[in-house]
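Order of appearance sets the numbers: ligands from 1, and atoms from 1 within every ligand.
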Amino acid sequence: MFKQMLQDLLLTYGPSGREDAIAACIERYAAPYADDIRRDALGNLIVHRAGKSGKRVMLSAHMDQIGLVVVDIDENGFLRIAPVGGVSPAIAAARQVVFANGVRGVTGWETKSKTAATAAMPELFVDIGASDRESAEAHVNVGDMCVFAGDFIDMGDRVACAAMDNRIACAVLLEVLRRMQTDHEVYAVFTVQEEVGLRGAAPAAYAIEPDLNINLDTTLTGDTPECGKLNMMLGKGAAIKAMDSSVIVPAAVRRFLTDVAEKHHIAYQHEVLRAGGTDTGAIQRVRDGVLAGCISIPTRYIHTPVETIALSDAENAVRLVCAALEEEALPVAPGTKPVV
Ligand code: CO
């Protein structure tokens, strides 16, 4: 069930700013568990479930994926491209790509003095099988975006695909909606444009004015050969974020999440990311500040077409968010008396 839903989310098109198809896909899964669903002006999908505790919890996961945008089409029908989000040229070369309208292509690179590994992004191009500009423009135009064509690789508990960042977190959030038992009012927000600089989440948080935000995203790991030292590993549980380059999670929120994990014997690990940000950083800075934390799914080979996760970590993340929502007392800001 979960694996099937995940696969569906992974293979649905949705680069930053072009999230209509993935939003529609998520809405279909969320509808049975929602009191109402809406999209705001930026395209954030906001799934609302009423509650009676008087407290609002915003759960969030970005639904956009990295991609490539067409910047020019030459007389021979080759498309020059620029990155949408963090796409390295070495990873973008020699790939299969797909556009919103289903047009497929492959990426090539200028070979005069470059290998695929050393070519810069302006030296890459997409070949959609066209032989001149007119026939290319019959399918694709400047401003159109393509994404890495995903193959879902099922290795058992571990699975790999393009767009695992962040569709695994979207799948976790949908599973939470299905399972959660809570008195709190819940807003599950599937945000837009995270990959281009955390652009969608803040306006949604401004509108919702939550008492607590729990964001869900992927994070790097330190468990592959000769990689940099990092604490996170596949299969060791949900990662509770302490810090990344966008956010320092308030002690009260981090303690709340680790206490809940300990109480329910849910496997978790501590996360510090040297570089990279998440929506948590944008959400905590709206209005007069929002208490926000983040639960991450450790992911190998992030921002490649083979992003790899352990389904057991996703299950632990689902259990942790559900258990957190069952807590009557939510974390409070420093200097604030708990409201009982
Ligand atoms: Co990302």
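Between the side chains of His62 and Gln193, no donor-acceptor pair is found at a separation under 3.5 Å. Between the side chains of Asp8 and Tyr29, at least one donor N or O lies within less than 3.5 Å of an accepting N or O. A donor-acceptor contact closer than 3.5 angstrom links the side chains of Asp36 and His48.
Here the two rings, on Tyr268 and His270, have centers that are under 6.0 Å apart.
Inclusion of His303 in the first shell of the Co ion (ligand 1) is supported: an N, O or S atom falls under 2.8 Å.
Counting just the N/O/S atoms of Asp165, the one with the shortest distance to the Co ion (ligand 1) is named OD2. When distances from the Co ion (ligand 1) to the N, O or S atoms of Glu195 are compared, OE2 comes out shortest.
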